[in-house]
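Comments concern the structure below.
No experiment lies behind these values; they were computed from the predicted model shown.
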Amino acid sequence: MINADEIAGILKQQIATFGTELKEDQIGTVIEVGDSIARVYGLDAAQFSELVEFPNGLEGIVLNLEEDNVGVIIMGPDADIREGDRVRRTGRIASVPVGEALLGRVVNPLGQPIDGKGAIETKKYRTIENVAPTVIERQPVKQPLQTGLRAIDALIPIGRGQRELIIGDRGTGKTAIAIDAIINQKDQNVFCIYVAIGQKNSTIAALAQTLERQGALQYTTIVSVSSAEPAALKYIAPYAGCAMGEELMYAGKDVLIIYDDLTKHAQAYREVSLLLRRPPGREAYPGDIFYLHSRLLERAAKLSDEKGGGSLTALPVIETQAGDVSAYIPTNLISITDGQIYLESGLFFQGIRPAIDVGISVSRVGGSAQIKAMRSVAGRLKLDLAQYRALAAFTKLASDLDKATQAQLTRGEKVTEILVQRQYNPQQVEDQVVVIFAATRGYLDGIATNKLQDWVARFVIYIHEKHPDVTKSIRESKAVSEESEKTLEATIQEFNKSF
């Protein structure tokens, strides 16, 4: 029973805390809609990148602020939106859910799950556009991020916090490199985000299955927007993925993010800009197309120790037309990134996969992103390949060659072959070191080129069985000691006798 005094007390409390302030919602009116773009009148106080809500529950992002109206990109199909519909300001800047709850999931650019595994339990949100860390907040790139691919880890090393462009024609294995890099982060304490822009849904489903089979989906988030979805969603996808990665980076973790690919992203932004009637520039791209990608890629960094020492490594992918690296978007991205891995269709069809053109590819971080052991064997590898390429061009015409030239050609052939690697088969760095060591010291010169892949696979198993201390020492000390070198030479000779 509640007595009268208690009721009176509750009423007094309610009257005392009663609020009379008015809640004001700013409402605008749709004056034009089409192609997932709406022009809205009456939202004078709207901010750039603010979310607005349409009557059917769809959200839009304010992208154009004009004198008498605002241009809004609609995050979904515009079929149910009509002229005269009311649009409400939310006061929120476009943001996505973030945190470790997103790992192992496939989400759309708004952070909503599309993998049928239920809701994502996270209370944290982060705006999709953020200011990149300043010079003071960063430290130099000095810690390697191993991709597991011999050709990359030895010749074009990637460091944590770097931005390395993967560039090449359609169907040259750009995505394959990115996927192998994700698979190789297993047990390396690196979280991965894969942003798929404008790809087929079937491709994404196959990718998620591959990562799950390889045990890599548990530390990966896939942000996917299919080719059938509005350009607005393709435009925000990489920024949404980057925000998810930044959350982990600022928590002191190491993150690898892949944007696949930024050609489709630029095209989506061009579409949105032209529909918003922004003036077109070169190739009909808007004037701020460079800023579109620079503000995205500049967010990749290795943070200073005061900021927690986390890192965000970006591998943007770009597609060229008939190998034209000097086109508009490729040159923009080459100038923004810290190097590029250039894939050539000619090499791909010769069976050299990954089809990396070692002559054009470069990492502007270089040896500082390698462990000492890899640096010691990679120097000679680069020299052998450079000499081989120079000679191979001349010797196509010559018939009789002296012994030194023949020896150099043989060495180059063997080295090129050991850089070939099967897909979904990344290799630990200590295993890469022993294989490259054998090739550059001439221990493979006498082995038939078509048997080399077999030699590599069997030798790695052999050394782990007979001399596990050698690979263990390389893994722990990150260098090849004199003792390890002697054991390694003896082991290779011993193995070659029985091979």
Side-chain angles (χ1 to χ4, degrees), residues 47-53 57-62 73 75-76 88-134 137-138 160-161 182 185 188-197 204 208 211 216-225 232-259 295-314:
Q47 305 171 65
F48 176 78
S49 213
E50 184 183 341
L51 285 174
V52 293
E53 203 178 298
L58 267 185
E59 287 184 328
I61 297 178
V62 176
I73 52 172
M75 298 289 130
R88 188 176 65 82
R89 272 187 69 195
T90 62
R92 283 189 302 129
I93 298 297
S95 53
V96 284
V98 291
E100 290 192 30
L102 284 113
L103 296 172
R105 303 298 300 268
V106 184
V107 297
N108 68 11
L110 302 171
Q112 298 157 343
I114 51 173
D115 53 7
K117 293 183 184 171
I120 293 171
E121 300 298 322
T122 180
K123 296 273 187 290
K124 277 184 158 179
Y125 278 79
R126 192 176 183 90
T127 51
I128 61 170
E129 294 257 17
N130 296 302
V131 179
T134 62
E137 292 168 346
R138 297 170 185 254
R160 295 188 182 185
I182 291 178
Q185 303 317 313
Q188 302 290 324
N189 217 3
V190 176
F191 297 107
C192 302
I193 292 163
Y194 179 84
V195 184
I197 307 160
I204 301 305
L211 291 179
L217 192 61
Q218 61 202 32
Y219 54 81
T220 305
T221 302
I222 298 173
V223 180
S224 166
V225 50
L233 283 170
K234 292 176 200 156
Y235 156 63
I236 69 160
Y239 297 103
C242 191
M244 294 166 191
E246 277 177 329
E247 179 65 26
L248 298 166
M249 169 177 77
Y250 283 107
K253 310 239 178 8
D254 290 313
V255 187
L256 168 67
I257 184 161
I258 286 140
Y259 304 111
R295 72 175 189 262
L296 170 71
L297 293 170
E298 204 55 37
R299 285 157 71 176
K302 169 80 175 144
L303 292 179
S304 64
D305 293 335
E306 294 77 47
K307 283 273 172 188
S311 73
L312 180 66
T313 310

(message) My understanding is that only residues two or more places apart in sequence, or in another chain, count here; which of them pass side-chain hydrogen bond (donor to acceptor under 3.5 Å, both in side chains) with Asn130?
(response) Thr127, Glu246

(message) To check you understand the geometry: which heavy-atom pair defines the closest contact between Ile128 and Ala240, and what is its length?
(response) CG2-CA, 3.9 Å

(message) To check you understand the geometry: which heavy-atom pair defines the closest contact between Lys234 and Pro238, and what is its length?
(response) O-CD, 3.5 Å

(request) Could you list the residues that satisfy salt bridge (Lys or Arg N to Asp or Glu O under 4.0 Å) with Glu298, not counting sequence neighbours? (result) Arg138, Arg163

(request) Taking side-chain hydrogen bond (donor to acceptor under 3.5 Å, both in side chains) as the test, write out the residues that go with Glu53, two or more places apart. (result) Arg88

(request) Using the test salt bridge (Lys or Arg N to Asp or Glu O under 4.0 Å), find all partners of Glu247 that sit at least two apart in sequence or belong to another chain. (result) Lys124, Arg126

(request) Check Gly104 against Asp115 and note the closest heavy-atom contact, atom names and distance. (result) O-OD2, 4.3 Å

(message) Do the side chains of Glu137 and Lys302 get close enough for a salt bridge, i.e. N-O under 4.0 angstrom?
(response) no

In residues 249-258, what donor-acceptor pairs under 3.5 Å come from side-chain atoms, sequence neighbours left out?
from   : atom 1 : to     : atom 2 : distance (Å)
Lys253 : NZ     : Glu100 : OE2    : 3.3
Asp254 : OD1    : Ser311 : OG     : 2.6
Asp254 : OD2    : Arg160 : NH1    : 2.8

(message) Does any part of the side chain of Tyr194, heavy atoms only, come nearer than 4.5 Å to the side chain of Ser224, both counted from C-beta?
(response) no

(request) Check for a donor-acceptor pair, side chain of Asn108 on one end and backbone N or O of Gln112 on the other, with a separation under 3.5 Å. (result) yes

(request) Taking side-chain hydrogen bond (donor to acceptor under 3.5 Å, both in side chains) as the test, write out the residues that go with Gln218, two or more places apart. (result) none

(request) Using atom types as modelled and distance alone, determine if a side-chain donor or acceptor of Tyr259 lies under 3.5 Å from a backbone N or O of Tyr239. (result) no

(request) Evaluate the salt bridge (Lys or Arg N to Asp or Glu O under 4.0 Å) criterion for residues Arg89 and Glu50: first the C-alpha distance (whole Å), next the side-chain angles of each, then the deciding distance (0.1 Å), finally the verdict. (result) CA-CA 8 Å; Arg89 272 187 69 195; Glu50 184 183 341; 2.9 Å; yes

(request) Could you tell me which non-hydrogen atom of Ala243 sits nearest to which non-hydrogen atom of Val98, and how far apart they are? (result) O-CG1, 3.8 Å

(message) Is any side-chain heavy atom of Val52 closer than 4.5 Å to one of Glu59?
(response) no

(message) Rounded to the nearest 0.5 Å, what separates atom CG in Leu248 from atom CG in Leu312?
(response) 9.0 Å

(request) Over all heavy atoms of both residues, which pair between Val195 and Gly241 is shortest? Give the atoms and the distance, please. (result) CG2-CA, 4.0 Å

(request) Considering non-hydrogen atoms only, spot the tightest contact between Cys242 and Arg299 and give its length. (result) SG-NE, 3.4 Å

(message) Val223 and side chain to side chain contact (heavy atoms under 4.5 Å, CB included): which single residue from Val96, Ile204, Val107 fits?
(response) Val107

(request) Quick one: pull up OH in Tyr219 and CD1 in Ile182 and give me the separation to the nearest 0.5 Å. (result) 7.5 Å

(request) To the nearest 0.5 angstrom, please state how far the OG1 atom of Thr221 sits from the CD1 atom of Ile193. (result) 5.5 Å

(message) Quick one: does any side-chain atom of Thr122 pair with a main-chain N or O of Pro97 as donor and acceptor, under 3.5 Å?
(response) no

(message) Do Gln47 and Ile93 make a side-chain contact, defined as non-hydrogen atoms from C-beta onward lying under 4.5 Å apart?
(response) yes

(request) Would you indicate whether the side-chain heavy atoms of Phe191 and Gln185 approach each other to under 4.5 Å? (result) no

(message) Are the side chains of Ile61 and Ser49 in contact, using a 4.5 Å heavy-atom criterion?
(response) yes

(message) Using side-chain heavy atoms (C-beta onward) and a distance below 4.5 Å, is Pro113 in contact with Val106?
(response) no

(request) Using a 4.5 Å cut-off on heavy atoms from C-beta on, say whether the side chain of Leu110 contacts that of Leu233. (result) yes

